[in-house]
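Below you'll find the structure, written out as structure tokens, and then a few comments.
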Number of protein chains: 2
Amino acid sequence: MNTDNTKSQMRKGMLEYCIMLLLHRQPCYANDIIQRLHEAEMIVMEGTLYPLLSRLKRDGLLAYEWRESTQGPPRKYYTLTADGQEALSQLDASWEEISRTVQFLKQ
Amino acid sequence: MNTDNTKSQMRKGMLEYCIMLLLHRQPCYANDIIQRLHEAEMIVMEGTLYPLLSRLKRDGLLAYEWRESTQGPPRKYYTLTADGQEALSQLDASWEEISRTVQFLKQ
DNA sequence: TACAATACCTTGTATCGCAAGGTACTGAAA
DNA sequence: TTTCAGTACCTTGCGATACAAGGTATTGTA
């Protein structure tokens, strides 16, 4: 059976939220994000992350600045914009709502 | 902006889990499910639900039986199979993991 | 007999995660 | 100088899925 499939489905919708939660605390570039989410037991692939970051940038929720690296090419460090912070607040509310829903259905 | 889109994305992955949580407590037919999830603040469309139920049935997680209705055509009442119960346990674990991830990222 | 209500299902579209592959920059080794 | 490994960013093609819209079938009533 494909519980893995459903499980991955469950994580899908959370990705955007988790990335914004992460960037709320500190600017990160792509590999930072992948690594830190991995530490939080949330697996993300490059092919998933880059388009997602581009989309959030295009929607005005993220901004980035180039920073030199001591080893390798420069990196795009992403941060939340003011709109991004507001969106994050709304997603916080959505998360609470979903938690309440699950709680309600579990009781 | 489309926080609504992201919000809907967040709910998407949870649908299967919520439906199985619901059926764990009592057999339901489609309109039951729509109504009860609505009470739990989880909106589902018919066009989403029917294919999903068919898929879970095909995967052996759900079974159904026809029951007469006092007003209208007979209904398909769905229940969790043994495999479905096991899958639900795994999804419970996935939910806990996601909760921990969000908690971890929020702190 | 016609119609409204109820219930089940299908088709087409858009979105999105993911695997795979590609481009570009940097620094060190040959 | 040239080559190569490492790092970083990005794109393409595919499959899965939610949703809107539309369709079929059964029931009871006017």
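Convention: sequence-line order gives letters A, B, ...; per-chain numbering from 1. Keep in mind that what you see is a predicted model, and the values were worked out from it rather than measured.
Following rounding to the nearest Å, B:M10 (CE) and C:dT15 (C1') show an atom-to-atom distance of 17 Å. Atom CG in A:L53 sits about 11 Å away from atom C1' in D:dC9, given to the nearest Å. The CE atom of B:M14 sits 15 Å away from the P atom of D:dT17 (whole-angstrom rounding). Rounded to a whole Å, the CG atom of A:D59 is 14 Å from the C1' atom of C:dC16. In this structure, the CZ atom of B:R58 is 11 Å from the P atom of C:dT10, given to the nearest Å. When the P atom of D:dT7 is taken as reference, atom CG of A:D32 falls 14 Å away, rounded to whole Å. Between A:I33 atom CD1 and D:dT7 atom P there is a gap of 18 Å when expressed in whole angstrom units. Here C:dT6 presents its P atom at 14 Å from OH of B:Y77, a figure rounded to the nearest Å.
B:E97 has a carboxylate O that lies under 4.0 Å from a charged side-chain N of A:R11, or vice versa, which qualifies the two as a salt bridge. Ion pairing between A:E65 and A:K57 fails under the 4.0 Å rule for side-chain N and carboxylate O. Taking 4.0 Å as the cut-off between side-chain N and carboxylate O, A:E41 and A:K7 do not count as a salt-bridged pair.
Less than 4.0 Å separates DNA chain C from at least one heavy atom of each of the following residues of residues 64-74 of chain A: A:G72, A:P73. DNA chain D is contacted by A:E46, A:G47, A:Y50, A:P51 of residues 35-52 of chain A, taking any non-hydrogen atom closer than 4.0 Å. For DNA chain C, the residues of residues 23-31 of chain B within the heavy-atom distance limit of 4.0 Å (strictly under) are B:Y29, B:A30, B:N31, sorted by number.
By the neighbour-count criterion of 12 heavy atoms within 6.0 Å, atom CD of B:Q35 is sparsely surrounded, having that number or fewer from other residues, nucleotides or ligands.
Out of D:dC10, C:dC16, C:dC9, the shortest distance to the side chain of B:Q9 is found at C:dC16.
Legend: residues meeting side-chain contact (heavy atoms from CB on, under 4.5 Å) with A:I34, ordered by chain and number and at least two apart, are A:N31, A:E46, A:L49.
Cluster note: B:Y29 groups with B:Y77 through ILVMFWY side-chain heavy atoms spaced under 4.5 Å, whether in direct contact or through intervening members. With a 4.5 Å cut-off between side-chain heavy atoms of Ile, Leu, Val, Met, Phe, Trp and Tyr, the cluster of A:Y50 takes in none.
Residues A:T101 and B:A40 come closest through the heavy atom pair OG1-O, 2.6 Å.
Checked by atom type and distance alone, the side chain of A:Q107 pairs as donor or acceptor with a backbone atom of A:F104 at under 3.5 Å. Distance alone, capped at 3.5 Å, is enough to place a donor-acceptor pair between the B:T81 side chain and the B:G60 backbone.
The phosphate of D:dC9 (OP1 or OP2) has no side-chain N or O of A:R75 nearer than 4.0 angstrom. For B:K76 and C:dC9, the shortest distance from a side-chain N or O to OP1 or OP2 is below 4.0 Å.
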Salt bridge (Lys or Arg N to Asp or Glu O under 4.0 Å), that's the test. Do B:E16 and B:R55 meet it? Break it down for me.
CA-CA 10 Å; B:E16 223 166 291; B:R55 177 160 48 87; 3.1 Å; yes

